[in-house]
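Notes for the one structure printed next.
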Amino acid sequence: MENQDKTNEIAYKKAQKRVKEIKTYYYMVLGFLIVGYLIVRKNYNGNIFDISRNYAVWMVITWAIFLIGYGIYLF
């Protein structure tokens with residue numbers, strides 16, 4: 001019986017850690033949406049196809065790739 005309690009406790013801690021990681025991921029996505037929108041809006045020069053010289057757009061794209069990769073790892 002004692003062994004089962006320890007197993008349940010370990011499973012609970014593992015589930016608690018997983019929920020915390022998922023919650024953190026969703027906060028990161030929310031932050032990305034808000035900050036990414038503000039960065040692109042501030043640095044948008046009117047031509048959506050001219051992103052070769054706009055470092056802010058590339059920064060947001062790189063951030064999005066990171067979030068997608070972390071989401072694939074997490075889920």
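- Applying the side-chain contact (heavy atoms from CB on, under 4.5 Å) rule to Leu38 yields the partners Ile34; only residues at least two apart in sequence or on another chain are considered.
- In this structure, Tyr25 OH and Phe75 CZ are separated by 6.5 Å, a value rounded to the nearest 0.5 Å.
- Note: Leu67 CG to Thr62 OG1 = 11.0 Å, rounded to the nearest 0.5 Å.
- Cluster membership check: Val35 shares its hydrophobic cluster with Val29, using side-chain heavy-atom separations under 4.5 Å among Ile, Leu, Val, Met, Phe, Trp and Tyr.
- A donor-acceptor contact shorter than 3.5 Å links the side chain of Arg18 to the backbone of Leu74.
- Not counting sequence neighbours, Phe66 has no partner by the ring pair (Phe, Tyr, Trp, His ring centres under 6.0 Å) test.
- Distance check, rounded to the nearest 0.5 Å: CH2 of Trp63 to CE of Met28 gives 9.0 Å.
- For the atom pair NZ (Lys6) and CD (Glu9), the distance works out to 8.5 Å, reported to the nearest 0.5 Å.
- Here the straight-line distance linking atom NZ of Lys17 with atom CD of Glu21 works out to 5.0 Å at 0.5 Å rounding.
- In this structure, CG in Asp5 is found 11.0 Å from CD1 in Ile10, a value given to the nearest 0.5 Å.
- Under the 4.5 Å side-chain heavy-atom criterion for grouping Ile, Leu, Val, Met, Phe, Trp and Tyr, Ile68 is not connected to Tyr37 through any hydrophobic cluster.
- Both Trp58 and Ile65 are part of a single hydrophobic cluster, where members link through side-chain heavy atoms under 4.5 Å apart.
- When side chains are defined from C-beta on, Val60 counts as touching Phe32, because their heavy atoms get closer than 4.5 Å.
- With hydrophobic clusters built from ILVMFWY side chains whose heavy atoms lie under 4.5 angstrom apart, Tyr70 shares a cluster with Tyr26.
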